[in-house]
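Model, not experiment: these values are computed from the prediction.
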Amino acid sequence: MGLLQRTKVCGELRSCNAGDEVVLNGWAHRVRDLGGVMFVDLRDRSGLVQLVLDPSAFPNRAEIRSETCLAVTGKVRERAEETKNPKMETGDVEVVVTGYTVLGPSKTLPFPLNDEDQMVNVNEDLRIKYRYLDLRRPSMYRRLAIRSSLINRIRRHMEEQGFIEVETPIITKSTPEGARDYLVPYRLEPGKFYALPQSPQQYKQLLMVAGIERYFQIAKCFRDESQRADRQPEFTQLDLEMSFVVQEDVLQLTEGMLRDVLNAVIGQFGLDKDPVETFERLTFDESMHLYGCDKPDLRFGLQLFDASDAFADSEFGVFRNAVESGGVIRGVRYPGGAGLSRKEVGQLEEFAREFGAKGLATLAFESENDVKGSIAKFVSADKAAELRKLSGAEPGDLLCMVADDYATANNVLYRLRLEIGERCGLRNPRELKFCWVVDFPLVEWDAEAGRWSPTHHPFTSPKEEDLVYLDSDPGRIRADCYDVVCNGTEMASGSIRIHRTDIQARIFKLLGIDEKTQQDRFGHILEAFSFGAPPHGGIAPGIDRLAMALTDTENIREVIAFPKVGNGYDPLMDAPSTVDAQQWAELGLRLSK
RNA sequence: GCGGGUGUAGCUCAGCGGUUUAGAGCGCCGGCCUGUCACGCCGGAGGCCGCGGGUUCAAAUCCCGUCAUCCGCGCCA
């Protein structure tokens with residue numbers, strides 16, 4: 001007997017189908033055997049519908065258990081009014097079963113699939129080990145469907161804008177700058193390795209030399225670095241590159257694409273999100289000054305304030321010394337924080353210390369002119385008024401201040417601002433607040449290595465007007481480099497690239513990459529640029545992170561079908577795994593132990 | 001590499017200022033039940049308390065180590 005194939009899907013059945021003879025395929029989501037009558041909620045990807053079985057007709061009905069895969073024939077019936085279930089989409093009807101076939105019996109499950117409340121706490125490694133079960137949950141299916149729609153709409157939008165998708169190699173060349181590479185041994189010449197791409201960066205620039213002009217790719221990228229809640233060893237980016245453009249062109253195209261696509265997905269799935277609006281723009285310097293970081297969460301204000309001048313002549317030695325030695329006094333306002341207990345303020349200070357603060361000075365505005373807190377005795381009434389003006393503090397607020405070098409103070413206050421925003425519930429969960437951060441510095445000083453290192457990558461174009469600082473003050477050179485930030489998370493990063501070999505040579509020199517290294521690592525691309533390279537630039541938005549933002553998930557694993565756990569291990573496939581002796585031999589490898 | 005959390009029944013958790021037989025809910029097995037929709041009722045099985053060592057008359061509980069996992073720092077051009 002062949003497969004009894006469905007004529008309807010579970011989730012589509014309504015009162016108007018009453019009387020229809022139907023065949024359904026799906027899984028037993030819940031089973032309720034009352035003795036004289038048995039109910040089964042049958043689930044397929046469209047939803048649930050209730051089956052009714054007459055026990056006398058089905059003596060083997062006990063074989064229908066949770067997650068048994070079934071083919072069912074039956075007749076749709078409108079339920080009696082008092083037995084309708086308004087909580088179910090299909091709750092007005094039920095299917096009276098005339099026959100069924102068990103397509104696939106199921107063992108007892110390792111965790112319950114029919115209780116989303118309990119599922120939120122199930123061990124992640126267990127969920128991932130049994131991902132094929134985990135993905136049966138409607139909430140997981142929905143996330144994958146949202147991701148699919150996101151990717152499809154991106155592809156459509158990009159093609160409409162004249163881009164073509166080009167696949168670039170997964171097995172390619174190691175580039176030791178930046179993240180650690182995943183390496184693949186080369187069988188024919190032991191000791192040589194391919195690498196998996198950290199991004200298709202060099203290929204897409206070669207495609208510009210190749211005259212493709214508008215390239216994109218839904219690209220898998222690989223980085224062998226330690227994970228976070230929003231970082232996996234392999235992830236997906238919309239990689240794109242354009243020729244004959246300036247920074248503004250890339251910004252316009254990217255913003256238009258993201259807004260169109262995200263708003264369409266929000267509409268299609270009825271997501272709990274307000275439409276994405278025009279992106280704000282901040283320079284890197286502004287962002288650092290106002291928010292202490294290059295990825296500000298703009299869902300709330302609480303901009304940092306700078307009280308260095310106010311405390312330059314302070315009686316408070318710590319502050320005065322900090323300013324005298326070139327540091328800063330910066331702070332953030334904690335709305336309503338004046339009411340915090342001594343212990344709670346201590347916890348805030350502890351929090352600040354974790355990120356490098358030497359201490360946390362606090363000043364509570366109990367009322368208009370009544371200040372308390374760790375530095376209150378050094379703050380005159382005039383100073384208090386000045387601070388109130390600087391910080392925007394109102395009665396009941398607490399000011400948290402840090403004296404340190406600019407970078408450390410910013411880092412501490414960046415984290416503290418987010419913490420305060422969280423505690424005060426200032427984030428609107430419906431909001432996807434996008435912004436551009438532009439004008440990043442080209443290079444930053446790597447104290448450990450004792451040299452300049454690229455903020456983005458070595459092909460990033462410096463702003464022409466800043467090239468005058470190349471020899472005198474490289475840290476002052478700004479780049480045509482830009483990030484998309486949403487709700488405090490970096491969503492995309494891009495730049496205009498260097499297409500002139502003379503400028504590229506000067507940048508390599510600045511970065512301390514000598515002639516030989518240039519040839520070994522980048523010879524192919526440098527030569528390519530000598531054959532009429534067009535000006536070009538691009539960007540790469542992270543698909544996983546966009547999917548996270550849309551689905552309100554805190555963890556990247558929730559939007560990836562088959563993720564790895566924290567140490568890069570895959571409990572489902574049991575990878576990485578050992579390989580047999582012959583494979584070692586073929587690759588000319590042995591363990592040095 | 002570092003810091004913090006967690007690890008007890010198939011799942012989620014309680015117990016952890018040492019003590020007799022380690023508990024609950026869900027699930028599972030058996031029985032009853034004709035309108036449930038987290039069905040209900042009765043009964044039952046199920047535990048190297050992550051692993052190793054130590055302290056103690058006595059350890060799930062205290063100490064040390066170790067492994068796994070989660071979150072974060074470093075790292076992620």
Side-chain angles (χ1 to χ4, degrees), chain A residues 29-42 48-56 62 65-67 77 79-88 90-91 94 96 106-130 133-134 175-181 198-199 201-202 221-233 235 350-351 353-356 411 415 419 440 442-444 446 448-449 451-460 479 481 490 493 495 507 511 513 521-522 542 554-555 557 564-567 569 571:
Chain A
H29 189 66
R30 275 203 188 91
V31 179
R32 295 179 294 279
D33 189 347
L34 273 60
V37 60
M38 179 178 179
F39 300 101
V40 175
D41 292 337
L42 190 71
L48 295 168
V49 71
Q50 174 167 284
L51 309 178
V52 192
L53 289 85
D54 175 3
S56 59
R65 299 145 43 89
S66 245
E67 295 306 312
R77 172 170 81 187
R79 298 198 201 179
E81 205 57 43
E82 67 276 13
T83 63
K84 287 184 176 177
N85 183 352
K87 286 187 283 188
M88 254 176 127
T90 61
E94 58 194 3
V96 181
S106 178
K107 294 199 296 184
T108 299
L109 301 169
F111 47 77
L113 298 186
N114 54 20
D115 186 343
E116 291 275 354
D117 289 342
Q118 242 195 64
M119 277 305 296
V120 298
N121 290 322
V122 171
N123 257 333
E124 279 236 41
D125 52 337
L126 198 67
R127 283 178 57 200
I128 293 170
K129 181 174 178 184
Y130 294 97
L133 296 177
D134 192 37
T175 51
E177 291 80 18
R180 196 176 294 113
D181 286 321
Q198 298 175 26
S199 86
Q201 182 63 34
Q202 294 191 34
C221 304
F222 306 86
R223 292 179 189 172
D224 185 5
E225 293 294 345
S226 97
Q227 293 182 219
R228 291 288 185 279
D230 60 354
R231 271 167 32 191
Q232 278 273 301
F235 59 98
E350 191 48 44
F351 179 89
R353 284 183 194 275
E354 281 173 37
F355 297 101
N411 185 43
R415 317 269 183 175
E419 176 71 13
F440 277 77
L442 181 72
V443 292
E444 53 200 355
D446 181 343
E448 204 176 313
R451 60 184 168 87
W452 294 100
S453 72
T455 304
H456 189 46
H457 58 58
F459 310 112
T460 301
C481 184
E490 181 192 312
S493 195
S495 64
I507 299 301
L511 298 173
I513 301 174
R521 289 183 195 168
F522 311 117
E554 299 282 309
N555 197 295
R557 289 183 295 266
K564 311 273 189 287
V565 297
N567 52 11
Y569 181 69

With [atom1] as the reference atom in both, quote the distance from [N] to [M] in angstrom, rounded to an integer.
| N | M | atom1 | value |
| --- | --- | --- | --- |
| B:C48 | B:C2 | C1' | 32 Å |
| B:C41 | B:G4 | C1' | 47 Å |
| B:A38 | B:G43 | P | 25 Å |

Has the side chain of [X] got a donor or acceptor that lies under 3.5 Å from a partner of the other kind on the base of [N]?
| X | N | value |
| --- | --- | --- |
| A:Arg231 | B:C75 | yes |
| A:Arg30 | B:G27 | no |
| A:Glu94 | B:G35 | yes |
| A:Arg223 | B:C76 | no |
| A:Arg79 | B:U36 | yes |

> Base, sugar-phosphate, or nothing: which does A:Arg127 touch, judged by heavy atoms less than 4.0 Å apart?
Replying inline: nothing
>> Taking the basic N atoms (NZ, or NE/NH1/NH2) and the acidic carboxylate oxygens, is any pair closer than 4.0 Å for A:Glu124 and A:Arg557?
In response: yes
>> Reading RNA chain B from 5' onward, which residue's closest nucleotide shows up sooner: A:Gly178 or A:Arg228?
In response: A:Arg228
> Taking the nucleotide of RNA chain B with the closest heavy atom to each, which residue, A:Gly566 or A:Gln201, is nearer the 5' end?
Replying inline: A:Gly566
[atom1] of [X] versus [atom2] of [N]: gap in Å, rounded?
| X | N | atom1 | atom2 | result |
| --- | --- | --- | --- | --- |
| A:Glu225 | B:G1 | CD | P | 13 Å |
| A:Asn85 | B:A38 | CG | P | 7 Å |
| A:His457 | B:C76 | NE2 | P | 15 Å |
| A:Asp181 | B:C76 | CG | C1' | 12 Å |
| A:Leu109 | B:G10 | CG | P | 15 Å |
| A:Phe355 | B:G72 | CZ | P | 10 Å |
| A:Glu354 | B:C73 | CD | P | 10 Å |
| A:Phe39 | B:G40 | CZ | P | 14 Å |

>> Given B:C37, B:G35, B:G72, identify the nucleotide with an atom nearest to the side chain of A:Leu34.
In response: B:G35
Is there a side-chain polar atom (N or O) of [X] under 4.0 Å from OP1 or OP2 of [N]?
| X | N | result |
| --- | --- | --- |
| A:Lys87 | B:A38 | yes |
| A:Arg32 | B:C39 | yes |
| A:Arg65 | B:G27 | no |

> Taking it one step at a time, do A:Arg32 and A:Leu34 satisfy side chain to side chain contact (heavy atoms under 4.5 Å, CB included)?
Replying inline: CA-CA 6 Å; A:Arg32 295 179 294 279; A:Leu34 273 60; 4.1 Å; yes
So which heavy atom on [X] is nearest to which on [Y], and how close?
| X | Y | result |
| --- | --- | --- |
| A:Ser199 | A:Cys221 | CA-SG, 3.8 Å |
| A:Gln227 | A:Gln232 | NE2-NE2, 3.1 Å |
| A:Val52 | A:Val37 | CG1-CG2, 3.7 Å |

Short heteroatom pairs, N/O only, protein and nucleotides 11-14 of chain B, under 3.5 Å:
{"residue": "B:C11", "atom": "O4'", "partner": "A:Pro110", "partner atom": "O", "Å": "3.4"}
{"residue": "B:U12", "atom": "OP1", "partner": "A:Asn123", "partner atom": "N", "Å": "2.8"}

